[in-house]
2 protein chains.
Amino acid sequence: MPSESDFDLQQFLPYLLNQAAEQASLGFQTLYKTRYGMLRTEWRVLFHLGRYGEMTAKALCDRGRLHKTKVSRAVAKLEGRRFLQRRTVPQDRRAEVLALTAAGRAAYADLHAQAQVFDRQLTAGLSPAQDQALRQALVILAKL
Amino acid sequence: MPSESDFDLQQFLPYLLNQAAEQASLGFQTLYKTRYGMLRTEWRVLFHLGRYGEMTAKALCDRGRLHKTKVSRAVAKLEGRRFLQRRTVPQDRRAEVLALTAAGRAAYADLHAQAQVFDRQLTAGLSPAQDQALRQALVILAKL
DNA sequence: CCTTGTTAGTTACATTTTCAACTATTATCC
DNA sequence: GGATAATAGTTGAAAATGTAACTAACAAGG
């Protein structure tokens, strides 16, 4: 029988995941925030476009599991800051293909490099085996 | 030299953690939302008080890594729904000790039991070794 | 073609979160 | 003791998020 005292909040996986995620996001967040005035969604949009090439907002939503309103606003902001451009395609005039500008690619390259450094710092306290096990489990849980 | 193509967004730990955390929170969230009309912070306050006994808002902030405004509002809401009571202590009239009511304890017992079930479902796709490794790594990353 | 349904994306509004300022009380230290 | 700082908690305004409704364009079936 499950008692009330053998279940620690720190044993509850959603809680543990959130704490770890928050802690992990903290440092990098300040980076793209202070350096480029970006929000998390903007950073993700930038990353997706930088990493996987130009695509529509819909594709971004699917790939990044982002809600379309978030993407819509992030794209508007990135466009305002000249990090990306929209291009309507004749085949479907509802959709707009999003592509990074030179400034956008530069920001991506910078943040991308920082992300790799940051990632290594994060896992510095973990053994390689722990690191690998962690990522494997996370991929399963995230259903990626 | 770090190239631009060997670093996937899904390899970036903060991203991976966030995806997993979001996915993991989803199911349980609907539970305390629909059943008790609670927000995440309220659920956490309830859990902390239920699990660790009565304490001040400050203690809650420290233990749960919550911001004091969040706690203040969550406590007000839980008090309004008669899930907890405040008690001023003569030693320090700034602080208020928070204690669950019978209704609060009942809600905690219910959600607590559900949480255990939910936790097991979550990790059903993981081997016991994977599960253990994951939690260990998360505790390190969360700096708990 | 033309009604109906679907999809891409935006906008408006309510809810939540964040940040800064505020009150009231206690601690510090000259 | 009395000024100053620090702490517990609240509140208001701004920013961000979520939800739903909306526009515009395409698709499909009759």
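Just so it is clear: chains get the letters A, B, ... in the order the sequence lines come, proteins before strands, and each one is counted from 1.
Listed by chain and residue number, B:Lys58 satisfy the side chain to side chain donor-acceptor pair (under 3.5 Å) test with B:Asp62 (two or more places apart in sequence, or in another chain). B:Phe83 is linked by a ring-ring contact (aromatic ring centres under 6.0 Å, His included) to nothing, counting only residues two or more places apart in sequence or in another chain.
When the nearest nucleotides of DNA chain D are assigned to A:Gln91 and A:Thr41 by heavy-atom distance, the more 5′-ward of the two goes with A:Thr41.
In this structure, CG of A:Leu66 is placed 14 Å from P of D:dT19, rounded to the nearest angstrom. With rounding to whole Å, A:Lys77 atom NZ is found 15 Å from C:dT10 atom P. Here the P atom of nucleotide C:dT15 and the NE2 atom of A:His67 are 18 Å apart, to the nearest Å. Taking atom CD on B:Gln29 and atom P on D:dG18, their separation rounds to 10 Å, with Å as the unit. The nearest whole Å value for the distance from the CG atom in A:Leu78 to the P atom in C:dG9 is 15 Å. Across the protein-nucleic acid pair, B:Arg40 atom CZ and C:dT18 atom P stand 10 Å apart, rounded to whole Å. When rounded to the nearest whole Å, the span between CD of B:Glu42 and C1' of C:dT17 equals 13 Å. Atom-to-atom, CE of B:Met38 to C1' of C:dT15 comes out at 18 Å; the value is rounded to the nearest Å.
Aromatic ring pairs are classed by plane angle as parallel below 30°, tilted from 30° to 60° and perpendicular above 60°; the pair B:Tyr32 and B:Phe28 is perpendicular.
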Using the rule given for salt bridge (Lys or Arg N to Asp or Glu O under 4.0 Å), can you reason through A:Arg73 versus A:Glu42, listing the C-alpha separation, both sets of side-chain angles and the distance that settles it, and then say yes or no? CA-CA 9 Å; A:Arg73 291 192 252 248; A:Glu42 290 156 42; over 6 Å; no

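Under a 3.5 Å cut-off, the side chain of A:Thr56 and the backbone N or O of A:Ala59 do form a donor-acceptor pair.
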Can you give one letter per nucleotide of nucleotides 5-15 of chain D, going 5' to 3': B for a protein heavy atom under 4.0 Å from the base, S for sugar-phosphate only, - for none? --BSBBBBB--

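Counting heavy-atom neighbours within 6.0 Å of A:Gln85 CD, excluding the residue itself, gives a total of 12 or less.
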